[in-house]
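Labels below follow one simple rule: chain letters A, B, ... track the order of the sequence lines, proteins then strands, and each chain is numbered from 1. Owing to the predicted nature of the structure, the values given are computational and were not obtained by experimental measurement.
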Amino acid sequence: MDYIIEMLHITKEFPGIKANDDITLQIAKGEIHALLGENGAGKSTLMSVLFGLYQPDGGCIKVRGKDVKINNPLDANSLGIGMVHQHFKLVHNFTVLQNIVLGKEDTRNGILEMKKARKKVVELSEKYHLSVDPDAQIQDITVGMQQRVEILKMLYRDNDILIFDEPTAVLTPQEIEELMAIMKELVAEGKSIIFITHKLNEIKAVADRCSVLRRGKYIGTVAVTDTDKEALSEMMVGHKVQLTVEKEPAKPSDVVLEVTNLTLRDKKQGHSKDVLKHITFQVRKGEIVCIAGIDGNGQTELVETVTGMAKPDDGTILLNGEDITKKPIRYRSTHGMSHIPEDRHKHGLVLDYSLEDNLVLQEYFDPRFQNRGFIKKDAVHAYARELIDRFDIRSGQGTDTIVRSMSGGNQQKAIIARELTKAHDLLVAVQPTRGLDVGAIEFIHKQIVKERDEGAAVLLISLELEEVMNLSDRILVIYEGEIVGDLDPKETTVQELGLYMAGSGKGGK
Amino acid sequence: MQKKRDHLGFLSSLFAIFVGLLVGMVILLVSNPAQAFQGFFTILTGPVTHGLKGVGQVFYYATPIIMTGLSVGFAFKTGLFNIGAAGQFIIGAFAAIVVGIHGKALGSAQWIVALLAATIAGFLWGAIPGIFKACFNVNEVIACIMTNYIGMYLVNYLVSTNASLYDKIRNYSKDVAKTANIPGMGLDKLFEGSSINGGFLIALIAVAIIYVVLQKTTFGYELKAAGFNKDASKYAGMNEKRNIIVSMAIAGALSGLGGAMLYLAGSGKHIVIQDVLAAEGMNGISVALLGLSHPIGVLFAGLFIAYITAGGFYLQLLDFPTEIIDIITAVIIYFSAFSLFVRVFLLNLQKKRELTQKANEKTKEGGTAE
């Protein structure tokens, strides 16, 4: 086969961790090559090596059969390698056109020449059906559009080897479909694509071949058409993965959380609509109640009021029969509420603290960890070790690792370890598996089911239908701040759930 | 890893000092080429060539700026920029001289009461921007600048309109009682002839206390968490508003105490009625930056800046105008405060070196294997 890129025996080490260990990746011309692996498997490191952001400690890179040394992204660019990063690198108050030409501007006597650039951009966007308005500002266009700008940036530089780093993580289902179509078109035009992902469906949909990495090691390359999803996930995780959750029927008992008539008004000026409208529900011991709904229908606000981050305008919240509506966050936390927050970087962790300091974030004031205001370092250390063992949290330097340097999956595991180990009767879990790979998702789902079986009440908020159907014992559908459906996952279908979520199930109630 | 990073912080501070000295040298060369090298030598060695008196003088200059540096550094650690040290400093100084002039009845405890009064005054003054930030979301930098000027003019007004405090002829505050001066605690004997006093020991104790509070206590844990990530500290149920206020108040107390230490040093300092912010407050920012906000770092940064300042005085023995001397010491201090910047630079350098080293090793290994 004719390889356009060959990365041979690449090794890359970071303090305490071998991110890439003798990895070989060969990309044929004109194919979509998926790079599959769990979080922290070394995908991003490998691509950073190819893009010149890191220098490999060993191994060599061949582009179009020639040995090359890529010192920085400019080198990569001149070899025709372009990359769409997971987090876009765009200037928000520049126009689309300005962003595309940035770094490769045509000038005449020091004055910008945009005409030629505009012509080329318009041609490219027509050729590949990447319709964007060249004069729109980045901050005014959708995330999907921004991604098109990133793609156009690569095409404008005549790149023919395109790296997509988890491009679908930020997109809606419709945008994902459009992206897949664009990718197919690009290879049809002779470009080669490296597609980094951990979503198996997407690999099946577009990729020709797939290379799998696990814990920094190369596992193998397979043709996608000959391999099923189960086999792929087994290669990725290293053992058989259950894509569905196994659990006993729920045995709900006492009511733990009782929310009555909860109402929250929009505080922003000019809005009179209620964000939460008379929400009433109960969560019992031993059951997983899931709040399903399309993003932005009041889930975030509901969680904020239940956990104490926001104050409701009306209604009451009872925890174990006690009215906690006006109690502060700390009180709820010490009286039986655990909370896995939606945004782990913003709320869940102090990224610049060490792992052990983060593991006691909710309990550092407990007599177990402090004596007259002095932190018992040894006790914190021992506790952290125990949690790291029990939840298999992987990091470079153990308890002292600065959390910022850990992978997303392990950061989430740290939060889950902390919240599940703390004494609690109620677990509020908001999108606990967002952005995680199959292995981590399986682990977290198992933990949540175990929680339930051990007698905790679980309130789960999820946007993923599959997760909702798989995990919950009862589904409450939220639509425009109102609970519009109380469904039993065993007796309902995804289609029916979807109708409720879109607000059309209301009439039938 | 933790140790390695601390080590790097120290290196970067040293490197920043080196760059500062280099730039200072250039200015010396421009202003007076004939005596430049002699002058440079004088700045560097001035304090030590004058025996223990010179060294004592360095400690004396260092005391107030260690306190303001500690104040700014402490607030930095909790994510707040306390640019209000100058105001807290002068308010503390005012409280100290009020007790120093009117509190003769307290006898030998007078100086202790004066220091306490200054600490409390600084605490309250520092709390004001904290309260504004916590309750009304007013940026602490703006509130601090306001309290700087309000503090300065308020003290000017209170001193100059109060006959019992004001020496009209000299336009400054009256002398404090002898018993209000901080005793020497043996240091005055050790460094004979200098203005050093027990204030330096108190500053050392303050450094130790702040270090312990930040590193070992739940209170420090909370403050640092709030500094790193306000949202996470709220999520963990910490009282962020209280933390902001307390943090600013403690920073204010440190500066206020520093103010008392300067004016109760028995070195003939008085609060002069002039429209100038206390320089010690602004120097505190450089001290905190150079010391990377770490209490121990602040201690050494304060000593260094005091050393350079003291060295500058000896330049007067040569043919340098006082303005140039001030510029040179300021430039050295200014550049030295770039240590954070240097730290990033060094980190990158180290990374690169490690990479090439490893690559070299790998190729060597590969070579022998073949």
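- When heavy atoms are compared at a cutoff of 4.5 Å, A:H339 approaches chain B by way of both its backbone and its side chain.
- At a 4.5 Å heavy-atom cutoff, A:R404 makes no contact with chain B through either its backbone or its side chain.
- Here the shortest heavy-atom pairing between B:E222 and A:R330 reads OE2-NH2, 4.3 Å.
- The local environment of CZ in B:F219 is crowded, with over 12 non-hydrogen atoms from other residues, nucleotides or ligands closer than 6.0 Å.
- Between B:Y235 and A:H347, the ring planes are tilted. Angles from 30° to 60° get that label.
- Chain B forms more heavy-atom pairs under 4.5 Å with one residue of A:K377, A:R418, A:E363, A:R332 than with any other, namely A:R418.
- No close placement of the A:F365 and B:Y221 rings is indicated, their centers lying 6.0 Å or farther apart.
- Looking at B:N229, its side chain does come within 3.5 Å of a backbone N or O of A:K346 through a donor-acceptor pair.
- The candidate with the highest count of non-hydrogen atom pairs below 4.5 Å against chain B, out of A:T334, A:D343, A:L361, A:V360, is A:L361.
- Here the side chains of B:K230 and A:V350 are not in contact, with every heavy-atom distance at 4.5 Å or above.
- Within a 6.0 Å sphere centred on CZ of B:F300, other residues, nucleotides and ligands contribute 12 heavy atoms or fewer.
- Going from atom CG of B:D231 over to atom CG of A:L349 covers 12.5 Å, rounded to the nearest 0.5 Å.
- Within a 6.0 Å sphere centred on CG of A:D67, heavy atoms belonging to other residues, nucleotides or ligands number more than 12.
- The minimum heavy-atom distance between A:I375 and B:T217, with the atom names listed, is CD1-O, 3.6 Å.
- From A:N371, atom CG reaches atom OG1 of B:T218 across 10.5 Å, with rounding to the nearest 0.5 Å.
- The number of heavy-atom neighbours closer than 6.0 Å to CZ of A:R385, taken from other residues, nucleotides and ligands shown, is 12 or below.
- Using a 4.5 Å cut-off between heavy atoms, A:E304 does not touch chain B at all.
- Around the NZ atom of A:K376, the shell of radius 6.0 Å holds more than 12 heavy atoms that belong to other residues, nucleotides or ligands.
- With respect to chain B, the highest number of heavy-atom pairs below 4.5 Å among A:G348, A:P341, A:P328, A:S333 belongs to A:P341.
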